[in-house]
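Just so we're on the same page: letters track the sequence lines, and every chain starts at 1. Predicted model only: the values in this text are computed from it and were never measured.
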2 protein chains.
Amino acid sequence: MTLADVAARARVSAATVSRVLSGNYPVAESTRARVLRAVDELEYVVNGPASALAAATSDLVGVLVNDIADPFFGIIAGAVQSEMGSAMGAESGRHGEKLAVICNTGGSPERELNYLTLLQRQRAAAVVLTGGAVEHPDHMAAVAAKASRLASSGTRVVLCGRPPIEDAVTLTFDNRGGARRLTEHLLTLGHRRIGYVAGPAERTTTRDRLEGHRAAMSAAGLDEGTQRLTVHGLYDRSSGYDATLELLRRDQALTAIVAANDTIALGVCAALRDQGLRIPDDVSVAGFDDLPFSADAVPALTTVRLPLHEAGARAGRLALGREPQPPGGVAMVRSELMARASTAPPRATK
Amino acid sequence: MTLADVAARARVSAATVSRVLSGNYPVAESTRARVLRAVDELEYVVNGPASALAAATSDLVGVLVNDIADPFFGIIAGAVQSEMGSAMGAESGRHGEKLAVICNTGGSPERELNYLTLLQRQRAAAVVLTGGAVEHPDHMAAVAAKASRLASSGTRVVLCGRPPIEDAVTLTFDNRGGARRLTEHLLTLGHRRIGYVAGPAERTTTRDRLEGHRAAMSAAGLDEGTQRLTVHGLYDRSSGYDATLELLRRDQALTAIVAANDTIALGVCAALRDQGLRIPDDVSVAGFDDLPFSADAVPALTTVRLPLHEAGARAGRLALGREPQPPGGVAMVRSELMARASTAPPRATK
DNA sequence: CTGTTAGCGCTTTCAG
DNA sequence: CTGAAAGCGCTAACAG
C-alpha cells in the first residue's frame, strides 16, 4: 500500500497525492476530494521513514526525563506532549502532526547521551531536555557537543529546568530564589537549627536549591553548622527517610528540616513520625515542587510551587517553533512559596 | 555525512559499512576495525529513516498510556523502557537498540487511535497499550482493527492491564480478584455500610474493580444499597474528594469507603478529614494499586498491590520478542492485599 | 494547478 | 568475505 497505489486509484500523480496529504501546496478541490477518498478506501497510511528520508526531517520530538515514575517529570512531559497533538483531527493517514516521545534516562549520563544519539539518528524535529543536568565536566561537554550537532542539523534543542547551553533555548527554574525564600520563611518563624536533605551532589537542581538555602542561612548569620546539617541522597522517599535519621543523629535539637523536593519531604515526615516526633509541633518540614500530593499530605506540606505544567507546555511550543524565543534564548520560570501546615514556629521549650 | 563517506574513508564499499554497523553478517576483523575507526573519526550517526525505509522496519517501540503524570503509568512505562536500553553500550552511531517512546493519550479514545496511526506510520517495531481500555463498542472495534493491521504489518502488539484482543499478547491485571479480596477484608472487619468511589464508567479497569467489590458485597448478602453507595468520577484526587462528600450526603452512617485507586483514596481521606472524621476511627479507607506514596500516607493506606514494575518489564520483553508468549497469548498479573492502618473495625457506637 | 524526474541514505540480493 | 546495483516510498524542484 503506497502513494502510487493511491495515485492510481485517484487517477492522479504521486506528487499530487503527496501534496494533498501534506497540505502545503494548492490543489484543486475536486482532485483533493478524489485523493482523500482513495486514501480512505485504501486505508492508506503514509510511510513515515520514507517521507522523513525524502524530506530530510521527521515529525519526532524527543523529551528526555530523569525519572518518568516521578510526577515531577510526568507532569512536564505530559504538558510538552499536550502541545503536540493539539491539531490532531479525526482523519487518520493525514500527517503533519508531531509525535512527542518521552525517553527515560533514569538520571544516567550515558543513557542521556545514548538517547540523544538515537534521536539524532531519527533526525528528530526537536529535543527537549528536562530536569537537572549532571555537572560532571566531561558529560557537560559531551551534551553540549551533541546539542550543537543536533542544532546544526536542524533539530531544535530546548532545555527545561536546567542551565543554558549554547545552541539551545532554555527555560530555567528559579530554584535558587525559591529555596532561599523557603528557608527565609523558616527563619522568620524563628527556626535556627535547620537540617537540609539535598539531592544527588552532581545535579544542577541540587546545587541551586542548596545554594538558595545557604544564602538564606548566611544572611541570617547562620553559616556555622549549616554544612554539618546537610545530607545528600537521591530524589526519593527512602533517601529522605534515611537522611532524617542521620540528621537527628547529628543534632537532636533540630527544629526544622528542609527537603530538596516533595518526595524526599515525604520520607522525612515518615522518619520523623517513626521517631515519635510531631510535625510541625516538634519539627517543621518543607519540600519543593508542590506536586499534587503535597497539598494533601498530613499536615499539608509547606513547599515551593513550580508551574510545571505551564513550563512543559511552553517548552513544547518552543520546540515546535510556535512561540518566539525569549530574549537571549533564556527565560526563567518563577517559583512561589506555599506556606502550609507543616511549618510553624519552633517550640519555645527547645 | 553518509554511509558513503564512511565507506570512502575506510576504503570499502557502502555495503560493507552497513554490514559492520548492523553486525548481522560476517566481516573480516581487519576491515571491521577500519570501518569502526572511520565511523568514529567522522562521528557518523546512521540515518534512521533511511535505514527504516530500506529495511522496512524501524527501531521504535510505542508505549501508550492514559495519563503520564500519574505514577501508575509512569512506573509501567519506565519499566517497559528499561527493558529496551539494556544493551545500550557507550558507542554511539551503532544501532540495533530500540527506542521506546511513551505516548500520552490522556484517556481520550481519539488520541489513542491517532497515536496508533502515528506509530503505524513510523512502522514501529512494537506497540504496548497500557491501562484500562475504553469500552465504547465503536472504539473497541476501531482499536482491534488497528491492532490487527499493525500486527499484520509486522508490528508486535502487547496489552498491559486491559482485556485481550485478537492479534495481541496480553497481560491482564487481577482487578476483579483484588477488589473482591479488599472488600472482603472490610467485611471481615465488620463493616456493612461501605461506600465505593469508582473511576470513569466506561473504563474496563473501573468495571472490573467495581465487579469485584459487588461480588464481595453480594456474597455477604449486602446487595441492598451497594448500588446507591457507588459514585463514579475520574481517577484523580479531586474526584475522590467530591465523591466522598456525595457519599456522606447519601449515608451519614457510612463506616468505610473503598476507592477505585490510591489517588482517589487520597482525595477521600482529605474530604473525610475536612468533615472532621477520623481515619480509621470513624471511617476506614482503602485504595488500589499500592503506589509508592500509599505506604507513607497517614494513616498508611490499605490497598491492593499490583506489581506494576514487573508487569511493565515483562510487557517490554514481550514487545521485543525476548520472552515466550504465555499460553493462549494471555497471562494474568496477580494482585495482593496490603492491609494497613487506614482500615480497622467500625466503631461499636455506629 | 498537475505531472515528470531525480534523488534522499540505506539494505540487500546477486555475483565474484 | 566483499563489491555492484537495484530499489524501499516519498518529496521537491522544474516544467508545463
Side-chain angles (χ1 to χ4, degrees), chain A residues 1-36 38-39 42-60 93-96 118 120-125 153-154, chain B residues 1-36 38-39 42-60 93-96 118 120-125 153-154:
Chain A
M1 190 55 38
T2 74
L3 242 205
D5 298 322
V6 178
R9 197 176 221 298
R11 313 169 104 270
V12 295
S13 72
T16 301
V17 178
S18 170
R19 295 196 264 250
V20 169
L21 260 19
S22 42
N24 51 11
Y25 209 83
V27 174
E29 193 42 59
S30 60
T31 24
R32 135 179 265 93
R34 203 140 35 87
V35 169
L36 253 19
V39 166
L42 266 33
E43 293 189 313
Y44 170 71
V45 173
V46 182
N47 182 315
S51 82
L53 172 58
T57 64
S58 85
D59 47 13
L60 275 185
R94 276 300 256 307
H95 56 184
L118 245 36
Q120 180 183 1
R121 177 154 98 213
Q122 301 295 333
R123 304 301 189 254
S153 67
Chain B
M1 188 57 37
T2 74
L3 244 205
D5 298 321
V6 178
R9 197 175 221 296
R11 313 169 104 271
V12 295
S13 72
T16 300
V17 177
S18 169
R19 295 198 263 251
V20 169
L21 258 21
S22 41
N24 51 12
Y25 208 83
V27 174
E29 191 45 56
S30 59
T31 24
R32 136 178 263 92
R34 205 142 33 88
V35 169
L36 253 19
V39 166
L42 265 33
E43 292 187 314
Y44 170 70
V45 173
V46 181
N47 181 315
S51 81
L53 172 58
T57 64
S58 87
D59 46 13
L60 276 184
R94 277 300 258 305
H95 56 183
L118 246 36
Q120 178 183 1
R121 178 154 97 213
Q122 300 296 332
R123 303 301 188 255
S153 69

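OP1 or OP2 of C:dT2 has at least one side-chain nitrogen or oxygen of A:Thr31 nearer than 4.0 Å. Residue A:Ser51 places none of its side-chain N or O atoms closer than 4.0 Å to OP1 or OP2 of D:dG9. In this model, the phosphate group of C:dT11 is approached by a side-chain N or O of B:Ser18 to a distance below 4.0 Å at OP1 or OP2. Phosphate proximity of D:dG3 to B:Thr16: present, with a side-chain N or O under 4.0 Å from OP1 or OP2.
For A:Ala54, taking side-chain heavy atoms from C-beta onward, the closest of the listed nucleotides C:dT11, C:dC8, C:dG9 is C:dC8. In this structure, the nucleotide among D:dT11, C:dT12, C:dT2 sitting nearest to the side chain of A:Val27 is C:dT2. Looking at the side chain of B:Ala15, the nearest of the listed nucleotides C:dT4, C:dT12, C:dC1 is C:dT12. Taking every side-chain heavy atom of B:Ala28 into account, D:dC1 is the closest of D:dT11, D:dC1, D:dG9.
Residue B:Glu29 is the one, among B:Ala50 and B:Glu29, whose nearest nucleotide of DNA chain D lies closer to the 5' end (criterion: closest heavy atom).
For the side-chain contact (heavy atoms from CB on, under 4.5 Å) test, residues two or more places apart in sequence or in another chain that qualify with B:Ser13 are B:Ala15, B:Thr16.
Regarding A:Arg32, its CZ atom lies at a distance of 10 Å from the P atom of C:dT2, rounded to whole Å. Here the P atom of nucleotide D:dG3 and the CZ atom of B:Arg11 are 11 Å apart, to the nearest Å. The distance between atom CG of A:Asp5 and atom C1' of D:dC8, rounded to the nearest whole Å, is 14 Å. Taking atom CG of residue A:Asn47 and atom P of nucleotide D:dC8, one finds them 12 Å apart after rounding to whole Å. What separates CG of A:Leu3 from P of C:dC8 is a distance of 19 Å, to the nearest Å. Taking atom CZ of B:Arg123 as the reference point, atom C1' of C:dT11 lies 17 Å away to the nearest angstrom. The nearest whole Å value for the distance from the CZ atom in B:Arg34 to the P atom in D:dC1 is 14 Å. The separation between A:Leu21 atom CG and D:dA12 atom P is 13 Å, rounded to whole Å.
A:Met1 is not listed as a side-chain neighbour of A:Asn47, based on a closest heavy-atom distance of 4.5 Å or more. Proximity of A:Arg123 to B:Pro49: side-chain heavy atoms (C-beta onward) are separated by under 4.5 Å at one or more points.
Under the 3.5 Å distance criterion, the side-chain polar atoms of B:Ser58 are left unmatched by any main-chain donor or acceptor of B:Ala52.
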Produce the list of close N/O pairs, under 3.5 Å, pairing protein atoms with atoms of nucleotides 14-16 of chain C; give distances to one decimal.
none

